[in-house]
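Both counts, for ligands and for their atoms, begin at 1 and track the order of listing. On a predicted model such as this, the values are computed, not experimentally measured, just so you know.
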Amino acid sequence: MPAEEFVAGWISGALGLVLGHPFDTVKVRLQTQTTYRGIVDCMVKTYRHESLLGFFKGMSFPIASIAVVNSVLFGVYSNALLALTATSHQERRAQPPSYTHVFIAGCTGGFLQAYCLAPFDLIKVRLQNQTEPRAKPGSPPPRYRGPMHCAASIFQAEGPRGLFRGAWALTLRDTPTLGIYFVTYEWLCRQFTLDGQTPSSGTVLVAGGFAGITSWVAATPLDVIKSRMQMAGLKQRAYGGLLDCMVSSARQEGLGVFFRGLTINSARAFPVNAVTFLSYEHLLLSWG
Ligand SMILES: C[N+](C)(C)CCCC[C@H](N)C(=O)O
């Protein structure tokens, strides 16, 4: 039943997401704030000021949006591959598509999911960057009270286009790197699987995990720029555009700035993407 599979896919996507979210908060903070000395320092400070809850800020929207984002990514990828190679998912093990086709299909999926992801991602980043501890009597309330309030305030202050701030950087980040994502996954699966056979669950977990890491390594420089452009509207320190943001970040902080959050991104990527690919493959198998 497609509806059941959809729910199962959403739940396993959500599981991966919850697992990865604390890493994601630390990453966003390291990328956009200069008060932390490193991963451990950021974790300790977050825990001291905001308790464990601090790591889970901004999570409800990604959970709700992962259903849309994941189905666009995997659905477009699979259908693009069908259009390119005329083989359905079931036939692909017997007649494996070329890596060029896998790459093109991955880029197409990545391009389209980026636009669905953009407003959700913006709200996530804005909420994750609120470092105020949870409502203490007497302390000023945080700027955004929650995701809906955040969306409404951005809409009011910056207009509908405000919700798509950083969307270009996000599209540039995701188009080629999701091509790399599916190529890495396919390549690793084929290395550990006999011709024509279905990869084992262990292979799918490892291939999915490494596909996540590889694509995040490639995506990190644009990820930093994306997060900064998303925060720019708030700080009134608007950049002239993507290039301006790149140049001024590199000038002020050196080239190392493009690799901020790389370690934490990779640590997060393995479990998240291992779980995502395992559920994807299982769902398609049970669909027959
Ligand atoms: C393309 N880029 C590297 C940005 C993401 C690729 C992995 C996507 C996955 N949902 C995750 O959150 O890890």
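In terms of polar-atom proximity, defined here as any N/O pair under 3.5 Å, W216 does make such a contact with ligand 1. Geometrically, ligand 1 and N70 share no nitrogen or oxygen pair separated by less than 3.5 Å.
In this structure, the side chains of L188 and V206 stay at 4.5 Å or more apart for every pair of heavy atoms. F277 places a side-chain heavy atom less than 4.5 Å from the side chain of F74.
A salt bridge does not link E50 to K45: none of the charged nitrogens lies less than 4.0 Å from a carboxylate oxygen.
For E186 and Y181, the side-chain atoms include no donor-acceptor pair closer than 3.5 Å.
Scanning the protein heavy atoms around atom 4 (C) of ligand 1, the nearest turns out to be D174 OD1, 3.2 Å. Of all protein heavy atoms, the one closest to atom 12 (O) of ligand 1 is R268 NH2, 2.9 Å. With respect to atom 1 (C) of ligand 1, the closest heavy atom belonging to the protein is T177 OG1, 3.1 Å. When only non-hydrogen protein atoms are considered, atom 7 (C) of ligand 1 lies nearest to N273 OD1, 3.6 Å.
With V28 as the fixed residue, the side-chain contact (heavy atoms from CB on, under 4.5 Å) test singles out one of T32, L30, T25: T32.
The main-chain N or O of A219 is never found under 3.5 Å from a side-chain atom of D223 such that the two would form a donor-acceptor pair. Without hydrogens or angle criteria, R228 side chain to Q31 main chain gives a donor-acceptor distance under 3.5 Å.
Those atoms of ligand 1 with a heavy atom of Y181 less than 4.0 angstrom away are 7 (C). Here is the list of ligand 1 atoms found below 4.0 Å of a heavy atom in L178: 1 (C), 6 (C). Close contacts between ligand 1 and R173 involve ligand atoms 4 (C) [criterion: under 4.0 Å to a heavy atom].
Hydrophobic cluster membership differs between L242 and L117, with clusters built from Ile, Leu, Val, Met, Phe, Trp and Tyr side chains linked at under 4.5 angstrom.
Among S215, A114, A219, G179, the residue whose heavy atom sits closest to atom 6 (C) of ligand 1 is S215.
When heavy-atom distances to ligand 1 are checked against a 4.0 Å cut-off, T276 has no atom that comes that close, whether in backbone or side chain.
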